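On a predicted model such as this, the values are computed, not experimentally measured, just so you know. Numbers here simply count residues along the sequence, with the first being 1.
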Amino acid sequence: MSAIELKTVSADEAGMRLDRWFKVHFPGLGFGHLQKLLRTGQVRVDGKRAESATRLAAGQSVRVPPLGIEIEADDRKNARPKSTKLIDDDRKAIEDMMLFEDSMVMVLNKPAGLAVQGGSGLRRHLDGMLDAFTDSKGNKPRLVHRLDRETSGIILVAKTRLAAQELTKSFRHRNTRKIYWAMLAGVPKPKQGRISTYLARDESEERMRIARHGEDEAQHAVSLYNVVEQSAQKLSWVTMKPVTGRTHQLRAHAAHIHHPIIGDDKYFNVENWELPGGIQNRLHLLARRIIIPHPSGHGKIDVSAPLPPHMQQTWNLLGFDVADYVPELDEED
C-alpha cells in the first residue's frame, strides 16, 4: 500500500478486535509495526485514535495508512496492473455468478473454492475480481459480508457507498434473514432446534472453539436448524439459519451437536465415520437464500442460489429432490 485507505467494517466483523481485523486484512503486517502505527495515531476508527483491543462495530471506517510491508511473491505478481484480458476474464466470471443486479446491488453465487478476500499466497479472490467493475470515477463495488472459501452460495455486493451503508445497517440490526443448506453426518435430535453457545478462536487461529461466557474474545452465537430429509441414520439434509453472524458459526455449531457438516476439514469430528461411496469429500454447505430490505428503502431483495455441482451430486445419489422442499424455516421471522 502506498496511499491512505479507508475500509468499512463488514457486518460479520462486528465485535472483532482491531489487531485481529488487521491480521485478517493484512497478514503481512507485523504486530510491532501495527503498535507503532496505533501509538502515532496513523490508524483511526471513525476518525478517532484506537488501541489493539478496540472492538469494531459494523459500518465503522478504519483508516489504514501506507503500511510499507513486504509483499510475498504471489501477491507482488497480483499487485501489478491487470491486463485487459484478466480484467475481461474477471468481469465475465462475475457476470456468470450473477443472480440479481440493479443500480445499487449485485447478488452473486460464489463457487466453492473461491476466496472472498485476499490473503497470503492467494492469486485470485472475489474482492480483487470486483476491480473489473470500477467505474471512471474510481468507485468499486463493495463487499458487505463474507463467506468461507469452501462455502458456496449467496454473497451481497454494494455498487454504491449508500448501498453499502444501508446493507451493513440491515446486517447490524439483524433485519436480514440468511438460510443455509447443509448435509450433516447423522440425524440431529430433536429434528428442529436452537443452538446457543459462545465462540472464540482457538490457539491455532484457524478454527473456532466453544467457549465460556466471559472468556476473552468469546462471542455469543445462536443458530436455528431444521431437518428436511434423511438417509436412514447416516446423513441428513438440514436448513440452518444463523441468528448471529460469527466466523465459522454454522460449521462449529454443527460439530458441537455431534453432527458435523460432511466434507468439513476443520470441524468434522466423528471417529470411524466413512463417507458413503459416490459422495465428494468437499464442504456441503450452501448459502441458499437471503432476504434483506433493499438499500433504496423500497421493497426487499429475496434471492436463492442453486446447489453447487458437488452437493447436487449428493442430493441425486440420496434421492433428495429440491422441488419437494417446503421452506418452513425460511418463513420464520
More than 12 non-hydrogen atoms from neighbouring residues, nucleotides or ligands closer than 6.0 Å to CD on Glu51, yes or no?
-> no
Kindly compute the distance separating CG (Asn316) from CD (Gln312), expressed to the nearest 0.5 Å.
-> 4.5 Å
Heavy-atom side-chain contact between Met16 and Arg55 under 4.5 Å | no
Flag the pair His248 / Lys266 as yes when at least one side-chain heavy-atom distance between them is below 4.5 Å, and no otherwise.
-> yes
NZ/Lys140: more than 12 non-hydrogen atoms of other groups inside 6.0 Å | yes
Before accepting this row, confirm whether a basic side-chain N of the pair Asp96/Lys92 lies closer than 4.0 Å to the acidic partner's carboxylate O.
-> yes
Out of curiosity, Leu318 CG to Ser236 OG, how far, rounded to the nearest 0.5 Å?
-> 10.5 Å
Given the rule that I, L, V, M, F, W and Y join up when any side-chain heavy atoms are under 4.5 Å apart, are Val105 and Met98 in one cluster?
-> no
Side-chain contact test, heavy atoms from C-beta onward, threshold under 4.5 Å: evaluate it for Val64 versus Phe26 and give yes or no.
-> yes
Gln313 to Gly278 - nearest heavy-atom pair and separation = NE2-O, 3.2 Å
Closest non-hydrogen atom pair, Pro260 against Asn269 | CG-OD1, 3.5 Å
Nearest-0.5 Å distance that lies between atom OG in Ser223 and atom CZ in Arg251 = 13.0 Å
Shared hydrophobic cluster, Phe22 / Leu56 (ILVMFWY, side-chain heavy atoms < 4.5 Å) | yes
Examine Leu114 and Leu285 and state if one hydrophobic cluster contains both, with Ile, Leu, Val, Met, Phe, Trp and Tyr joined whenever side-chain heavy atoms are less than 4.5 Å apart.
-> yes
Can you find a heavy atom in the side chain of Asp302 that is under 4.5 Å from one in the side chain of Arg289?
-> yes
Go through His284 and Thr314 one step at a time and tell me if the side chain to side chain donor-acceptor pair (under 3.5 Å) criterion holds.
-> CA-CA 9 Å; His284 280 54; Thr314 300; 2.7 Å; yes
Does the side chain to side chain contact (heavy atoms under 4.5 Å, CB included) test come out yes or no for Leu147 and Leu126, once each step is laid out?
-> CA-CA 11 Å; Leu147 288 178; Leu126 185 57; over 6 Å; no
From CH2 (Trp237) to OH (Tyr325), nearest 0.5 Å = 7.0 Å
Joint hydrophobic cluster, Leu67 plus Leu38, side-chain heavy atoms closer than 4.5 Å = yes
Rounded to the nearest 0.5 Å, what separation is found between the CD1 atom of Ile301 and the CG atom of Leu99?
-> 12.0 Å
Spell out, as yes or no, whether a donor-acceptor pair under 3.5 Å connects the side chain of Arg177 to the backbone of Ile291.
-> no
Find out whether the Lys NZ or Arg CZ of Arg212 is both under 6.0 angstrom from the six-membered ring centre of Tyr198 and within 45° of the ring's axis.
-> no
Give the minimum heavy-atom separation between Ala163 and Pro295, together with the two atoms involved.
-> CA-CB, 3.8 Å
Give a yes or no on whether the backbone of Val222 and the side-chain of Thr244 come within a donor-acceptor separation of less than 3.5 Å.
-> yes
For the residue pair Glu13 and His25, confirm or rule out a side-chain donor-acceptor distance under 3.5 Å.
-> yes
Within 6.0 angstrom of His220 NE2, more than 12 heavy atoms from elsewhere | yes
Please confirm whether the backbone N or O of Lys48 pairs with a side-chain atom of Arg63, one donor and one acceptor, at under 3.5 Å?
-> no
Report yes if the side chains of Leu156 and Thr176 come closer than 4.5 Å at any heavy-atom pair, otherwise no.
-> no
Taking it one step at a time, do Ile292 and Phe171 satisfy side chain to side chain contact (heavy atoms under 4.5 Å, CB included)?
-> CA-CA 8 Å; Ile292 188 170; Phe171 277 103; 4.0 Å; yes
Closest non-hydrogen contact found for Lys189 with Tyr225 is C-OH, 4.1 Å
So Trp273 and Leu275, side chain to side chain contact (heavy atoms under 4.5 Å, CB included) or not? Walk me through it.
-> CA-CA 7 Å; Trp273 194 89; Leu275 193 68; 3.6 Å; yes
Heavy-atom distance under 4.5 Å between the side chains of Ile210 and Leu199, does that happen here?
-> yes
Looking only at heavy atoms, the pair that brings Arg282 and Ala112 closest together is NH2-CB, 3.7 Å
Residue pair Ser296 / His294, side-chain donor-acceptor N/O under 3.5 Å | yes
Does Met106 offer a backbone N or O that forms a donor-acceptor pair with the side chain of Lys159 under 3.5 Å?
-> no
Evaluate the criterion side chain to side chain contact (heavy atoms under 4.5 Å, CB included) for residue pair Val62 and Leu6; output intermediate values, then yes/no.
-> CA-CA 6 Å; Val62 180; Leu6 294 177; over 6 Å; no
With no hydrogens and no angle check, is any side-chain donor or acceptor of Lys169 less than 3.5 Å from a backbone partner on Ala58?
-> no
Is the shortest heavy-atom distance from the side chain of Gln165 to the side chain of Thr8 under 4.5 Å?
-> no
Identify the two heavy atoms, one from Ser103 and one from Thr160, that lie closest to each other, and give their separation to 0.1 Å.
-> O-CG2, 4.0 Å
Going by heavy atoms in the side chains, are Val322 and Arg288 under 4.5 Å from each other?
-> yes
Are Leu167 and Val116 linked, directly or through other ILVMFWY residues, by side chains that come within less than 4.5 angstrom of each other?
-> no
Drop me the distance from Arg201's CZ to Glu217's CD, to the nearest 0.5 angstrom.
-> 8.0 Å
Any donor-acceptor pair under 3.5 Å from Asp46 side chain to Ser61 backbone = yes
